[in-house]
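Below is one structure, written out as structure tokens; the observations come after it.
Below, chains carry the letters A, B, ... as their sequence lines are ordered, and counting in each starts from 1. Side-chain atoms are counted along with the backbone in the values below, which use heavy atoms only and exclude waters and symmetry mates.
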There are 2 protein chains.
Amino acid sequence: MSPNKENYLKTIFELEHDHQKISNKNIADILNVSAPSVTEMLTALTKEGLVFHTPYNEISLTDAGLARARELVRKHRIWEVFLADKLHYAMADVHQAADILEHATDDRLADRLNEFLGRPKRCPHGGIIPGNSDIEDDSDITLGTLAPEDSATLQRVIDNHDFLKYFEDLQLRLGERLTVVKKEPFSGPFIVQTSDRATVAISENAAGYMFVTDVHYHTKTPDQKTE
Amino acid sequence: MSPNKENYLKTIFELEHDHQKISNKNIADILNVSAPSVTEMLTALTKEGLVFHTPYNEISLTDAGLARARELVRKHRIWEVFLADKLHYAMADVHQAADILEHATDDRLADRLNEFLGRPKRCPHGGIIPGNSDIEDDSDITLGTLAPEDSATLQRVIDNHDFLKYFEDLQLRLGERLTVVKKEPFSGPFIVQTSDRATVAISENAAGYMFVTDVHYHTKTPDQKTE
DNA sequence: GACGTTTTTTCGGACGGCCTAAAACAAGCA
DNA sequence: TGCTTGTTTTAGGCCGTCCGAAAAAACGTC
């Protein structure tokens, strides 16, 4: 399996995981290739039984494809932990390096590295490391869905360089308890309060990239969260 | 620069370093490709100014090619130290993994890793790590050139999986002082004595893969070492 | 429901790196 | 010297992954 194909699998996996639309165009944009290349590769991966693709319609991973993608994500995140914890990489920088290393990593290396790092449960962005955690899925509730006076724990952020640069400036920490103070109208920023009572303004866009858990809804039920 | 091309450069570099003949065939055998592929790649590398190649004649690295190759060897050996010291890989196994990782390593990663490891001077096989050591070159005197009663310090061994498997069985250690007890005729083994007075028989072939330093010649001068 | 826009696919082609077969050359030996 | 053997190069071709142009399908809007 070429690094190339692996990246297609991982991209589909992550789009699915982040509840984004799995389309030819999305994949093309993420991998910086043309749409025809994506179609071609999807056809090849379908032939290999890793992807299920019907023209103009569905793109999804088969069980085999899912397993491969999960392996990749595992390797990726183990490397991220190494880079952040041992080599002191900035949170925004681990992704790019891990993206290359993951393809140079066989199962044995991944396992040894995992042991060396003490079987970490989460990567520096808060994503779970498949195989190391009891739970299999991350929270999919974003900070952006909360309403004023709701509170929640910041668990995970999207692993995107530009966002992470912004996130570093916000000085928030994963695991921190946040309370929404207010939400400005016209797609304005969220004002949240951290446990040490500091307030931070977060763009609506960025709030959609931040996943929370243990949500305490003040007035409304989760079903009404899009209000 | 593709991992592929990097491997050609490194191969030429290592052939040169180990004083072996730099021929199309040698390169083809090491990289497991056909002779035409080698010719083709040498032509391409010559065009890029990394290699100097005249048909049916010379193959050598340009200064630029040498610099690239040295960088690669540096990355390779830094990874080897990591794999051996931190992940407890066997000496015979580090090479293969490092061979892949080296191509996934930019300068920044190499530097950080190097710091993390404490700027090691030598890789697990005893080879110097370019940039970390004052000296630039390894010893090129093999154990195989010594005569009975000569003594020397085992400094470095060739980084080849099959040899290293054998070497592990010998239970010798790098840095250890060895004295040649005798040399069996008809290309028979070397009998050497270690500092703790154990004697070990080493095949003539293997003795050619083991480099020594601080040689004390008992009766003859180094010039007569091939006798 | 028809039309313009966007997305996806098909088609033909480029390029890198690999191959085999065969030709050119070099080296060793009779 | 010329023949045999081994090495290197040339020629032609394959496969994987990419592309742009253009056709086909789907989507959004009136």
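- Relative to the side chain of Ala35(B), the nucleotides dC18(D), dT9(D), dT9(C) differ in distance, and dT9(D) lies closest.
- Residue Asn57(A) has no polar side-chain atom (N or O) positioned under 4.0 Å from OP1 or OP2 of dT8(C).
- Out of dT17(D), dG17(C), dC18(D), the shortest distance to the side chain of Lys5(A) is found at dT17(D).
- Closest approach to the Thr39(B) side chain among dG17(C), dT9(D), dC18(D) is made by dT9(D) (side chain taken as heavy atoms from C-beta onward).
- The side chain of Tyr8(B) approaches dC18(C) more closely than any other nucleotide in the set dA25(D), dC18(C), dC25(C).
- Side chains of Ile30(A) and Ile27(A) form no contact here, defined as non-hydrogen atoms less than 4.5 Å apart.
- When the nucleotides dC19(D), dT20(C), dT9(D) are ranked by their closest atom to the side chain of Ser34(B), dT20(C) comes out on top.
- For Ile129(B), the side chain to side chain contact (heavy atoms under 4.5 Å, CB included) partners are Arg74(B), Arg77(B), Ile78(B), Val81(B), Pro120(B), Asn132(B), not counting sequence neighbours.
- Separation of the Tyr8(A) and Phe13(A) ring centroids does not fall under the 6.0 Å cut-off.
- Cation-pi geometry between Lys86(B) and Phe116(B) is satisfied (NZ or CZ under 6.0 Å from the ring centre, within 45° of the ring normal).
- Relative to the axis of its first five pairs, the axis of the last five pairs of the helix from dG1(C)-dC30(D) to dA30(C)-dT1(D) sits at 0°, rounded to 10 degrees.
- Taking the nucleotide of DNA chain D with the nearest heavy atom to each of Pro55(A) and Met41(A), the more 5' of the two is matched to Met41(A).
- The side chain of Pro36(A) approaches dA21(D) more closely than any other nucleotide in the set dA21(D), dT9(D), dT17(D).
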